[in-house]
Amino acid sequence: MERSWIFRAAVLLVAAALSACGGGGGGGGGGGGFAAFPIAPVPPASTPAATVTLSGTATYESVPNLRGRLDYASRTFRPVRGAAVDILGPNSTVIASTVTDENGAYSVSVPTDATVIVRVKAQSVKAGSAPTWDVSVRDNTQSNALYAMESPSFSTGAEAGVRNLQAPSGWDGTSYSSRRVAGPFAILDAVYTAQAKVLSVAPSTVFPQLQLFWSVDNVPATGNETLGQIGTTFFRTDGTARAIYVLGRENVDTDEYDASVVTHEWGHYYQSAFSRDDSPGGPHSLSNLLDRRVAFSEGWGNAWSGIALARSNYTDSQGAGQAQGSNIDLTTGPTTNPGWYREGSIQSILWNLNAQVGFKPIHDALTGPFKTTPAVTSIHAFAAAFTSVNSAAAPALANLLAGQSISAAPNDPFGNSETRNGGVALALPLYRAAAVGAATQACVTNQAGGVNKLGSYTYLRFTAPTSRSYTITVSAPSASADPDFSLYSGRLILQADGIGATEVATVALSAGEHVLAINDFNDSPVCLTVNIQ
C-alpha cells in the first residue's frame, strides 16, 4: 500500500452539473501538518451503463527564477503536464484513471450521480511500449509518501461537467503562509521538460524509474535524510535505484522553483541511465581547478540545464525570501586559466555545441562511444566520441575547444596532445604508462585543494597481455598516507578504498587496455608505488 500526502487543491467549478465546493490551501506556515492518506491499488469498479464525461485542467503556480532569485511578482499558473489523475469513488476506490496532456487537461467517463474526488498525483507514468517512464515526487521526511492534490468530494450529476484543480504556491507576499501545494508539481514539470528534450532526438527512450524527494524541511545540513538533513540538492544511484533529493527550507535554500538546479541533477540521472559518469563527486565551484572527471560531469550538468530548458543562463536562489542566489552565463567560459579542468569551460563548450549543431550528435556521442571509452570520462574522451559519430560537426567542436585552450586530437580519448596543466605540474601528462610486472611511481598533490581537485588523482594506463587475474598493489612510503584506487575497463569495475598505507586488490581482467585512477584518502602530497602482477 502506498502512502500519499494529499494537498487540498483550489478547485474551480465550471459546469453547473457539479455541486459547489470549497477551495484554497490549508493553514499553517511552510507547508507542515499534512495528513497521510493511504492509496491502495484497487481494481476499477464496474462502470454502470449511465456515464457522463468529467474533464478539467490541472495547473500549478510557477515562480520564475530568471536572474538568480525567485520573482514572486511574476507568478503564473502553468499546466501540470503528464501527471496521473485518479477519480475516487466510495471508500477511495479508483473508478477511473487518466493522464493530463500538454495543457494539463484530463477527461474521463464516470458514473452519473456518483460522489467522487479528483486526485492529481505528483507522478508521471507511461508503461507498455517505448517510450516509458515512472517519475514521482515524494516526501523523504514522511516515509517517502507520494505528493498529490485533490478536490473535495462532489456529485457527478447527470450531465458532462468540468472540475479544474490549481496548486497554489502558498506565498502571501512576504512568506509561505499556507501549504506549498505547487512545489512537487514544479519539480515534476522540470523533469517532464528534460525528458521531452531527450525524446525529441530519441523517441523510443526507456527511462529508468526516478524518484525525487522534496520537503519543506530539506536543509543544507548533512545528517538524517528522513529529518530533511540532505546537505544539498543532489542525484544518487546505487546502479539500479535512482533518486534526486531537493532542498526546500524557506529563507535558507529552496530549489523546487530552481529549474536549472533540478535539471542539472537530472543531467546526472541521464549520465547514469544512458551514458557514463566516472566523477568521484565532492565539492566544486566555477573557480576550482577540478579533476577531469568532476569538471566534465558538473560542466555537463550545467550545460544540460540550459539545453533542456532552452536557456543561456543557470540560476539558483537562496537566502531570506529566496531573494539571493547566483546567475551563471552558460555561453562563455572562464576569463582566466580556462581548460579541461574547469567546469565553466566544459559547460560553455557543450552549451554552444548544442546551439550550433543540435542535441542529437551530443546524445549519440554520450550514449555511444563515450559510454565505452577505455579512458575515463573527460572532455577529451567526449571530443573523440563526438568526432566518431559526427565527423561533419567536428570543426565546430574543435573551434570551441580551442576557445577554451583545450587540445584534443580527433581520435584520442586520452588527451595525449594536451599541453595545459592549469598551473599544477603533476596534472600532465593526463595518463602515465604502467607495465605489468614492473613498479611505477604515481604522485598526487593537494596544490589545487585536494579531495577532487586537479592533481589530487593521477592516472595510469596499462595493457593486460592476457585474460587472467591480476593483483594491483599501491603502496605509500609511510603510514601518514592512505592510498586508494579505482580501476576502469571501459567502465568502472573496481574501487579499492581500504584503510592503511598499502592498498591491494585482485581482479579478473580481459586482455587489453585498462586505467587506474589513484589518490590519497588523506589528500597528502605523496608519491606512491604501483605494482601490477
Side-chain angles (χ1 to χ4, degrees), residues 2-12 21-39 56-65 70 72 75-80 83-86 88 92 100 104 117-123 136-153 163-190 212-219 226-228 230 245-258 262 317 320-322:
E2 185 173 58
R3 294 167 62 85
S4 175
W5 292 124
I6 305 300
F7 295 102
R8 185 68 67 197
V11 182
L12 305 182
C21 64
F34 310 149
F37 195 103
I39 295 180
T57 302
T59 57
Y60 73 95
E61 191 172 22
S62 175
V63 184
N65 181 352
L70 294 192
Y72 291 102
R75 284 172 289 167
T76 185
F77 279 92
R78 301 184 59 181
V80 175
V85 180
D86 287 338
L88 307 180
S92 296
T100 60
I117 291 172
V118 179
R119 175 181 292 168
V120 180
K121 296 187 286 190
Q123 183 173 29
S136 59
V137 185
R138 299 172 179 272
D139 188 342
N140 52 286
T141 67
Q142 297 291 341
S143 303
N144 298 338
L146 175 69
Y147 285 105
M149 63 173 171
E150 65 178 29
S151 73
S153 61
R163 184 74 39 152
N164 297 334
L165 284 79
Q166 288 186 337
S169 65
W171 186 257
D172 67 3
T174 58
S175 66
Y176 287 118
S177 60
S178 60
R179 292 176 177 171
R180 292 153 62 178
V181 186
F185 295 99
I187 294 169
L188 187 69
D189 199 58
L212 299 102
F213 296 98
W214 172 81
S215 168
V216 298
D217 294 320
N218 282 356
V219 294
T226 66
L227 300 178
I230 67 172
Y245 284 74
V246 183
L247 290 168
R249 178 63 64 84
E250 180 183 5
N251 297 322
V252 179
D253 198 343
T254 65
D255 281 339
E256 64 269 22
Y257 292 121
D258 292 341
V262 175
S317 66
Q322 295 64 248

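Quick note: residue numbers are just sequence positions, from 1.
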Mind checking what makes side-chain contact (heavy atoms from CB on, under 4.5 Å) contact with Ala58, not counting sequence neighbours? Val80, Thr100, Val120, Met149
Contacts of Ser136 meeting side-chain contact (heavy atoms from CB on, under 4.5 Å) (sequence neighbours excluded), chain-then-number -> Gln123, Arg138, Leu146, Gln211
Test side-chain hydrogen bond (donor to acceptor under 3.5 Å, both in side chains) applied to Ser215 and Asn140, Thr226, Thr141, the passing residue: Thr141
Quick check: closest heavy atoms across [X] and [Y], and the distance to 0.1 Å?
| X | Y | result |
| --- | --- | --- |
| Leu188 | Ala83 | CD2-CB, 4.2 Å |
| Ile117 | Ser153 | CG1-CA, 3.6 Å |
| Tyr147 | Pro184 | CG-CG, 3.4 Å |
| Tyr257 | Asn65 | O-CB, 4.2 Å |
| Glu256 | Leu247 | OE1-O, 3.7 Å |
| Pro79 | Gly104 | CB-N, 3.5 Å |

If you count every heavy atom of other residues, nucleotides or ligands that lies below 6.0 Å from Arg78 atom CZ, does the total exceed 12? no
Flag side-chain contact, heavy atom, 4.5 Å: [X] against [Y]:
| X | Y | result |
| --- | --- | --- |
| Val118 | Val85 | yes |
| Thr174 | Asp172 | yes |
| Val246 | Thr254 | no |

Going from [atom1] on [X] to [atom2] on [Y], what distance comes out if it is rounded to the nearest 0.5 angstrom?
| X | Y | atom1 | atom2 | result |
| --- | --- | --- | --- | --- |
| Ser178 | Trp171 | OG | CH2 | 11.5 Å |
| Asp217 | Asp139 | CG | CG | 7.5 Å |
| Asn251 | Tyr176 | CG | OH | 9.5 Å |

With sequence neighbours excluded, residues passing side chain to side chain donor-acceptor pair (under 3.5 Å) with Asp255: Thr233
Taking side chain to side chain donor-acceptor pair (under 3.5 Å) as the test, write out the residues that go with Gln322, two or more places apart. Tyr72
Who passes salt bridge (charged side-chain N to carboxylate O under 4.0 Å, His left out) against Asp253, sequence neighbours left out? none
Sorted by chain and number, sequence neighbours left out, ring pair (Phe, Tyr, Trp, His ring centres under 6.0 Å) with Tyr245 holds for Phe213, Phe234
